[in-house]
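Below is one structure, written out as structure tokens; comments come after it.
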Amino acid sequence: RKEVEQDPGPFNVPEGATVAFNCTYSNSASQSFFWYRQDCRKEPKLLMSVYSSGNEDGRFTAQLNRASQYISLLIRDSKLSDSATYLCVVNGGGYQKVTFGIGTKLQVIP
Amino acid sequence: ETGVTQSPTHLIKTRGQQVTLRCSSQSGHNTVSWYQQALGQGPQFIFQYYREEENGRGNFPPRFSGLQFPNYSSELNVNALELDDSALYLCASSVKGVQETQYFGPGTRLLVL
């Protein structure tokens, strides 16, 4: 089993749609979790940290389920500019090993 | 912008050569991590430096080595380049802590022929 698993997609959704991505992780001792966004041929940019209580930033909501070892990202009212690859990141703590998922590609269609 | 800079932006080398990539961390950040991202893959953790010491390493051979300097900038060195080393090399800086958030530089695109 991979340490961090994501569905690579692509997810093709119409403008205004709500879309959700999940990411599972294998290390139950993982300490911190993040979602990054990566545009084609650019560096990853932090979208949001993921907290145990869940957190929201505008149209974006992130959730953490430690019991089932997954994190999720919900995007409401999708915009064309949301088209990108969304990377799930898990920090295992300890020797500070940070693991990225393969990324989920989102294409928002007019 | 994150304030993390990398040089060079692009590089072409031949198999067997050596390469040094450089990264300047964001002001106030004391930790630098390096990643390799092949086409269509997520970034793979190479290693992390904190206070000039290696503080974690991924599954990369010893020909991948690094340094961190007193000003927290860092170098990634790769010896005996192989064709599979062709990738985007990303540097991320952070402040060591529990909820450690990494900020990425623009990357160096390396092509090995």
Side-chain angles (χ1 to χ4, degrees), chain A residues 2-10 21 23-27 29-53 55 57 62 64 66 71 73 84-106, chain B residues 1-7 9-10 21 23 26 29-51 53-60 66 68 87-111:
Chain A
K2 287 185 181 177
E3 292 181 64
V4 177
E5 292 205 62
Q6 287 184 260
D7 182 343
F21 309 134
C23 166
T24 60
Y25 61 94
S26 60
N27 181 2
S30 296
Q31 294 189 355
S32 52
F33 308 86
F34 306 88
W35 283 102
Y36 279 75
R37 170 199 168 122
Q38 187 171 28
D39 293 291
C40 189
R41 301 182 69 81
K42 298 283 192 181
E43 73 274 22
K45 292 189 189 298
L46 178 69
L47 183 64
M48 54 200 307
S49 302
V50 187
Y51 301 111
S52 296
S53 53
N55 47 304
D57 182 3
L64 166 63
R66 283 193 181 271
I71 68 172
L73 177 68
T85 295
Y86 290 83
L87 296 158
C88 163
V89 182
V90 176
N91 187 336
Y95 204 33
Q96 289 298 319
K97 188 176 177 194
V98 175
T99 305
F100 279 73
I102 193 171
T104 297
K105 186 170 182 179
L106 171 67
Chain B
E1 299 303 324
T2 63
V4 181
T5 61
Q6 290 186 244
S7 62
T9 55
H10 295 80
L21 310 182
C23 171
Q26 187 178 126
H29 285 190
N30 55 16
T31 304
V32 173
S33 304
W34 286 93
Y35 294 85
Q36 179 195 67
Q37 187 174 24
L39 205 59
Q41 301 295 317
Q44 299 294 309
F45 177 70
I46 302 175
F47 43 56
Q48 182 183 84
Y49 278 83
Y50 170 57
R51 291 185 175 176
E53 301 272 339
E54 189 179 286
N55 185 53
R57 190 177 183 95
N59 296 324
F60 281 81
Q68 187 180 33
L88 178 66
Y89 287 85
L90 294 159
C91 155
S93 79
S94 55
V95 177
K96 180 58 62 184
V98 174
Q99 189 72 15
E100 187 174 323
T101 304
Q102 299 189 344
Y103 296 91
F104 284 84
T108 294
R109 207 164 287 280
L110 173 65
L111 177 62

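So you know, we letter chains A, B, ... as the sequences are listed, proteins then strands, and number each from 1. This one's a predicted model, so the numbers in the text were calculated from it and none came from an experiment. All heavy atoms count here, side chains included; hydrogens, waters and symmetry mates do not.
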Taking atom CZ of Arg66(A) as the centre, report whether more than 12 heavy atoms of other residues, nucleotides or ligands fall under 6.0 Å from it. yes
Can you see which heavy atom on Pro44(A) is nearest to which on Leu90(B), and at what distance?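 What the structure gives for the nearest pair is CD-CD1, 3.8 Å.
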For Phe45(B) and Val98(A) the tightest heavy-atom approach is CB-O, 3.4 Å
If I measure from the heavy atoms of chain A, does Tyr50(B) come under 4.5 Å with its side chain, its backbone, both, or neither? neither
If you apply the rule side-chain contact (heavy atoms from CB on, under 4.5 Å), what do you find for Tyr36(A) with Gln102(B), and how did you get there? CA-CA 10 Å; Tyr36(A) 279 75; Gln102(B) 299 189 344; 3.6 Å; yes
Top residue by heavy-atom pair count (under 4.5 Å) with chain A, among Gly105(B), Gly58(B), Pro43(B), Gly42(B)?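 Top count of heavy-atom pairs under 4.5 Å with chain A: Pro43(B).
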Kindly indicate, with the supporting measurements, whether the criterion side-chain contact (heavy atoms from CB on, under 4.5 Å) is fulfilled by Glu43(A) and Gln6(B). CA-CA 11 Å; Glu43(A) 73 274 22; Gln6(B) 290 186 244; over 6 Å; no
Check the side chains of Gln38(A) and Gln37(B) for a donor-acceptor pair under 3.5 angstrom, ignoring hydrogens and angles.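 Yes.
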Measuring heavy-atom distances to chain B, does Leu46(A) have an atom under 4.5 Å in its side chain, in its backbone, in both, or in neither? side chain
What's the separation between atom CZ in Arg41(A) and atom CG in Leu39(B), rounded to the nearest 0.5 Å?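 The distance works out to 8.0 Å.
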Is the gap between the ring centers of Phe34(A) and Phe104(B) under 6.0 Å? no
